[in-house]
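Throughout, numbering of the chain's residues begins at 1 and tracks the sequence. Keep in mind that this is a model prediction, so the values were computed, not measured.
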Amino acid sequence: MKFKQMAYERPDLEAVKEQLKELTQRLQNAEDYESAKKVFLEKEAADRRVGTQMTLAEIRHTIDTRDDFYDKEVKFWDESAPVLEQYDKEWDKVMLESPFRPEFEAEYGKLMFMNAELEKKTFSAGIIPDLQKENELKTAYEKLLASAQIPFEGNNYTISQITPFKQDADDSRRLAAWKAEGQWYKDNQKELDDLYDQLVHVRDAMGRKLGYDGYTELGYYRMRRNCYTKEDVEKFRGAVVKYLVPVADGIYKEQAKRLGKSYPMSFADNALQFRSGNPVPAGTPDDILAQGKRFYDELSPETSEFFNTMLDNELLDVLSTKGKAGGGYCTSIPDYEVPFIFANFNGTQHDVEVVTHEAGHAFASWTNRKRIPQSYVWPSMEACEVHSMSMEFFAWPWAEGFFGEDTRKFYYSHLAGALTFIPYGTMVDHFQHIVYEKPDMTPKERHGVWKELLSVYMPWMKLDGEIPFYSEGEGWQRQHHIYSSPFYYIDYCLAQTVALQFWAMIQKDREDAFEHYMAYTRQGGSRVFTELLENAGLQSPFNEECLKGVCETAQKWLGEFDLEGIL
């Protein structure tokens with residue numbers, strides 16, 4: 001079924017609540033495992049129906065945030081989801097106490113109970129108003145960014161649409177674009193400050209109401225950290241500073257030489273990797289999707305079936321349009337057993353990475369679409385990002401069809417970018433830990449923390465105040481995850497470390513590497529992150545030798561890569 005044919009209907013909230021109560025009561029009264037399992041499967045079906053309607057509303061809202069109908073529907077879900085969560089927690093409580101738990105574990109595994117134990121620590125009826133407020137504030141942030149109209153060269157652009165100008169090979173034009181975008185953020189900074197201040201305080205209040213010393217512990221439970229701790233993340237951040245920041249610093253020093261710039265460079269100059277311009281796709285959006293089809297058709301029978309389903313059913317919305325929410329994501333529509341990809345093509349290298357990165361998520365969801373419980377379709381967030389970041393590297397043999405004469409630029413840029421991203425992503429995580437440890441900081445103090453962390457994790461960035469917002473050490477406010485998904489961003493860094501292992505394996509034997517990838521992906525969310533890795537023959541990023549090893553291998557490859565003839 002095509003996406004536009006998928007019907008949306010707001011469910012009767014009272015009827016849903018009554019159904020959840022009735023199912024919970026039946027589970028509690030079940031006299032044998034078969035009876036309990038029957039109720040369990042009915043609950044799964046009910047959750048899929050509700051999840052489908054909520055997801056359809058969210059997708060259609062992000063496609064056009066100006067649509068009044070779906071704007072109202074998202075507000076309904078922002079208020080209703082926390083209410084329904086109370087009923088889900090009652091269900092979880094009965095499941096955890098069920099005399100048939102051993103039978104459930106034997107058939108479906110122990111992880112769903114482990115995760116239910118974590119979920120139990122994230123909720124009480126007393127925080128429902130806080131959850132509703134949090135949803136309201138996140139939606140307001142999303143709408144603010146989507147409303148951006150940035151004046152530049154006589155036209156107005158969205159945040160996504162101005163991105164190509166921020167990578168223009170002409171120094172003055174590129175700088176002007178950075179200044180124009182930075183000025184929009186400066187003009188809206190009070191609202192950005194206020195929204196984040198409210199989010200920090202409402203999250204801190206939730207943590208304290210649940211008996212924690214602030215938000216951080218609650219945040220880890222909400223992110224379903226079920227196989228590593230805050231201390232493990234701190235050790236990973238230390239390894240990034242020790243091994244990766246020097247490598248990334250060297251990459252930017254070489255870049256400064258290529259560009260004829262003094263080091264450290266401005267944000268605008270760091271955005272230009274080659275004097276002749278960054279790699280750009282060789283064709284139109286349709287050409288990119290056609291090459292994506294070629295890639296997935298040739299990679300494996302499974303990926304071919306998946307991507308053709310996506311194209312045939314119009315399950316990708318990738319063009320950047322006015323009113324569209326920023327960024328990109330992949331989600332799944334449970335009743336139809338299909339993923340959906342949302343993106344903003346803007347004529348940059350990122351467009352190709354949407355077809356590989358977001359489709360990596362989508363392929364994993366597609367592969368596991370029939371799993372029961374449906375919570376096993378997706379693993380935890382850091383595990384999900386392995387699917388996507390690694391798929392980007394599997395596309396390398398097809399890069400020429402995406403980039404044409406810029407293919408060699410792309411190879412260098414993609415690997416260098418994977419390495420230089422990790423310090424940034426780790427800094428985002430470090431910043432959030434400080435913020436939630438000190439929730440009463442003023443906006444000015446938060447900006448000061450970000451500026452200080454820049455000197456540790458990204459010493460190649462010149463902070464001279466020339467570019468509004470960015471070079472004043474305030475650029476964290478453009479990072480959606482900081483507002484919408486606290487403590488998420490480190491997941492990208494952990495996953496990128498694993499993806500670099502796949503990159504190294506691909507250099508030796510692509511088919512063998514893909515077998516490991518499928519061994520990882522076919523597990524869905526049935527195991528915790530570290531077990532998924534172990535079962536697929538991969539190292540944990542929490543092993544310091546892992547990060548050290550991928551840094552050395554990638555640095556050697558970049559150092560030996562032939563850039564002759566590329567200006």
Side-chain angles (χ1 to χ4, degrees), residues 216 219-220 223 225-254 379-386 388-390 392-393 414-437 449-450 452-461 476 479 481-482 486-505 507 520 528-534 536-559:
T216 302
Y220 268 60
M223 285 302 298
R225 306 290 195 224
N226 52 21
C227 61
Y228 58 92
T229 65
K230 177 172 173 281
E231 290 69 33
D232 291 321
V233 173
E234 288 172 356
K235 289 176 184 175
F236 177 81
R237 291 201 306 256
V240 168
V241 173
K242 181 177 180 180
Y243 297 112
L244 198 40
V245 169
V247 173
D249 198 43
I251 289 171
Y252 279 105
K253 283 176 178 174
E254 288 300 313
S380 49
M381 293 300 188
E382 71 292 287
C384 283
E385 296 302 339
V386 172
S388 53
M389 291 178 154
S390 303
E392 293 178 32
F393 288 124
H414 188 202
L415 184 59
L419 293 168
T420 59
F421 164 77
I422 294 176
Y424 168 75
T426 308
M427 177 174 66
V428 169
D429 180 73
H430 198 160
F431 173 75
Q432 291 182 93
H433 277 82
I434 294 172
V435 164
Y436 288 106
E437 285 166 9
V449 168
W450 183 258
E452 184 177 341
L453 290 175
L454 275 167
S455 67
V456 175
Y457 289 96
M458 301 176 71
W460 49 86
M461 290 295 189
W476 62 270
Q479 188 58 64
H481 303 70
I482 293 177
F487 299 122
Y488 184 165
Y489 220 65
I490 196 66
D491 300 62
Y492 291 108
C493 305
L494 299 172
Q496 189 69 278
T497 305
V498 177
L500 285 165
Q501 289 184 62
F502 275 116
W503 168 83
M505 293 166 70
Q507 307 314 303
Y520 179 86
V528 301
F529 176 50
T530 50
E531 288 178 349
L532 293 174
L533 296 173
E534 184 179 354
L538 299 161
Q539 278 189 299
S540 166
F542 298 112
N543 177 348
E544 188 171 313
E545 289 301 309
C546 173
L547 191 63
K548 180 183 178 183
V550 296
C551 281
E552 289 174 350
T553 304
Q555 184 180 29
K556 182 175 184 294
W557 189 94
L558 289 172

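Considering CG of L244 and OH of Y457, their distance stands at 11.5 Å, rounded to 0.5 Å. Summarising the geometry, atom CE belonging to M461 is positioned 9.5 Å from atom OH belonging to Y424; distances are rounded to the nearest 0.5 Å. Interatomic distance, CE of M458 versus OH of Y252, reported as 6.0 Å (0.5 Å rounding). The structure places CD of E552 at 8.0 Å from CD of Q555, a figure rounded to the nearest 0.5 Å. We find the CZ-CE distance between F502 and M389 to be 13.5 Å, quoted to the nearest 0.5 Å. From L453, atom CG reaches atom CD1 of I434 across 4.5 Å, with rounding to the nearest 0.5 Å.
With sequence neighbours excluded, the residues satisfying salt bridge (Lys or Arg N to Asp or Glu O under 4.0 Å) with E234 are K230. Partners of D232 under the side chain to side chain donor-acceptor pair (under 3.5 Å) rule, at least two apart in sequence or in another chain, are T229.
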Steps toward side-chain contact (heavy atoms from CB on, under 4.5 Å) verdict (E452, V456): CA-CA 7 Å; E452 184 177 341; V456 175; 5.5 Å; no
R237 vs D429, test: side-chain contact (heavy atoms from CB on, under 4.5 Å). Steps then yes/no. CA-CA 9 Å; R237 291 201 306 256; D429 180 73; 2.8 Å; yes
Kindly determine whether V247 and L558 satisfy side-chain contact (heavy atoms from CB on, under 4.5 Å), including the steps that lead there. CA-CA 10 Å; V247 173; L558 289 172; 5.8 Å; no
Determine, stepwise, if the pair Y436 / F487 fulfils ring pair (Phe, Tyr, Trp, His ring centres under 6.0 Å). CA-CA 10 Å; Y436 288 106; F487 299 122; 5.6 Å; yes
Could you go step by step and tell me if L538 and M505 meet the side-chain contact (heavy atoms from CB on, under 4.5 Å) rule? CA-CA 10 Å; L538 299 161; M505 293 166 70; 4.0 Å; yes
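Looking at every heavy atom in both residues, Q539 comes nearest to C546 through OE1-CA, 3.7 Å. Between T426 and I490, the closest heavy-atom pair is CA-CD1, 4.1 Å. Heavy-atom minimum distance, P486 versus M223: O-CG, 3.7 Å. Residues V240 and L547 come closest through the heavy atom pair N-CD2, 3.6 Å. The two residues C493 and I422 come nearest to each other via the heavy atoms SG-O, 3.6 Å. Here the closest non-hydrogen pair linking L533 and P541 is CD1-CD, 3.7 Å.
The main-chain N or O of W503 is found under 3.5 Å from a side-chain atom of Q507 such that the two form a donor-acceptor pair. Side chain of Y520 to backbone of A383: a donor-acceptor contact under 3.5 angstrom is found. For the pair Q496 (side chain) and F421 (backbone), a donor-acceptor distance under 3.5 Å is absent. In this structure a side-chain-to-backbone donor-acceptor pair under 3.5 Å is missing from T553 to V550.
Side chains of F393 and L500 form a contact here, defined as non-hydrogen atoms less than 4.5 Å apart. With a 4.5 Å cut-off on side-chain heavy atoms, C227 and E531 do not count as touching.
Between W476 and F431, the angle of the ring planes lies from 30° to 60°, which puts this pair in the tilted group.
Using modelled atom types, one finds no donor on one side chain facing an acceptor on the other under 3.5 Å when comparing Q432 with Y489. At a cut-off of 3.5 Å, with distance as the only test, a side-chain donor of Y488 or E385 sits close to an acceptor on the other residue.
Around atom CD of E437, more than 12 heavy atoms belonging to other residues, nucleotides or ligands sit under 6.0 Å away.
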